[in-house]
Amino acid sequence: MKVFVVGSGAREHAILWKLAQSPRNPELFVAPGNAGTAAIATNLPIAVTDFGALVSAAREHGIDLTIVGPELPLTLGIVDRFQREGLRIFGPTQAAARIEGSKSFARQIMRDAGAPTPAFEVFDDADAAREYVRSQGAALVIKADGLAAGKGVVVAQSVDEALEAVDDAMVTRAFGASGERVVIEQCLVGQELSVFCFTDGECVTPLVPACDYKRVFDGDQGPNTGGMGGYSPPPWWDAAMERQIRETCIEPIIREMARQGSPFTGVLYGGLMLTDDGPAIIEFNARLGDPEAQLILPRMENDLLDVVEAALDGSLPSIDLRWSGCTVGVVLAPGGYPGPHETGNVLAGLEEAEREAVVFQAGTALADDDRLVTGGSRTMTVVGCSATMAEARARAYAAADMVTFEGKHYRRDIASFAVG
């Protein structure tokens, strides 16, 4: 069997790594991939938005199944294009991917489904948004409506901060067209949690949880990033919580999307806040997260290929999803991230690190002399795996220390609760 993965980050490396463990021994391809994926798959130098070239590559290589990693091609309609071409692909259609591509659409689906979610208003006019901010006071959450690579959200603790966030999105267009519309919502207080399920548009698998760290510096300081690490499962997760969240926050959404004519097939990612009044949905994503994929896929006991095909075939109820152990992931990033940063710095210590942990590469490349060097954005996720969270954390940080490159930066407080 030939499987094609679309994407270039650590998430896609993790998907390929898991597929490579399948007893069915699939032949793997990825576009565009990175230096790490090249060791287990054939990298094809095609942009994730070049649907014509991706379709041609799928035909040329006789691809049996395509799995889409990142959100951008999903929201642009890659699944629709492949389906029109008669090619088998895993992921939501463009209409269903609006649950991530438009915060306002997602909020309306949540409201229509009766899912617990914070109060919100949607604005296309900056003056009206400012007036609403002044009338509500702080704290508020201001979100660019469209995709912003995980950076279009501001939790404003003052009216001035909220007004500045509105101006950044709607006036100076810090997030481009994604900020033409903003969602302003009530700021909830509690423990953040991410949950993931596979769904065929009707059936929803039991949820698997993870917690990530979005800000760049220890103690949740500095700007938001695409994610600096995380752990799975949270120590307070149990069967009762899984059932409550699935029945109140996830299954109603799947039913409502089908009712509105946009059934969702793929991986649904719910971002929640566990408040004193119970769990509330903050946002949805239409795919596996990054770094969350790197945390949960090593815990999956099933063959990922079987699970994906069951979702496409409508046979998910026959799959007994099983998860085991604990994982802690630490993202290594270049100095200056998420702002401007150097690339082309030589990486060393990877072989030693891989004896201690699993390393999923992202912003890496091979130089002309075949040395591994840093590329753009986050460099890699180093994942410790063990029966206990404390040991998983120790392995992750031991491996993180072994990898060296100029300007290396990482948080040192990932899963710090597991220390001592």
Contacts of type side-chain contact (heavy atoms from CB on, under 4.5 Å), residue [X], not counting sequence neighbours:
X    : result
A39  : none
Q294 : A10, R11, A14, D290, P291, F360, T381, V383
A31  : F4, L44, I46, L54
R371 : V346, D369

Can you list every pair that meets ring pair (Phe, Tyr, Trp, His ring centres under 6.0 Å) and has a residue in [range], with sequence neighbours left out?
range            : answer
residues 165-221 : F196-Y269, F217-H409
residues 106-134 : F123-Y132
residues 83-112  : none

Side chain to side chain donor-acceptor pair (under 3.5 Å) against [X], all qualifying residues, sequence neighbours excluded:
X    : answer
T379 : none
D125 : none
R59  : E85
E242 : R246

Validation row: [X], [Y] side chains within 4.5 angstrom (heavy atoms):
X    : Y    : answer
I78  : V6   : yes
L272 : I282 : no
P263 : M257 : no
L347 : T404 : no
N224 : R215 : yes
I89  : V68  : yes
M380 : V330 : no

- NE2-OG distance between H13 and S8, expressed to the nearest 0.5 angstrom: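 Between H13 NE2 and S8 OG, I get 12.5 Å after rounding to 0.5 Å.
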- Does R173 use its side chain to pair, donor to acceptor, with the backbone of M170 at less than 3.5 Å?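 Yes; at least one donor-acceptor contact below 3.5 Å.
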- Residues N34 and A362: closest non-hydrogen pair is CB-O, 3.4 Å
- Query: Taking atom types as modelled, is there a side-chain donor on R107 or T117 under 3.5 Å from an acceptor on the other?
  - Reply: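 Present: a donor and an acceptor within the cut-off.
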- Would you kindly say whether D218 and Y410 are connected by a side-chain donor-acceptor distance under 3.5 Å? no
- Test salt bridge (Lys or Arg N to Asp or Glu O under 4.0 Å) on K214 and D212 and set out the steps. CA-CA 6 Å; K214 294 181 175 64; D212 75 324; 3.0 Å; yes
- Only counting residues at least two apart or in another chain, list the ones meeting salt bridge (charged side-chain N to carboxylate O under 4.0 Å, His left out) with R243. none
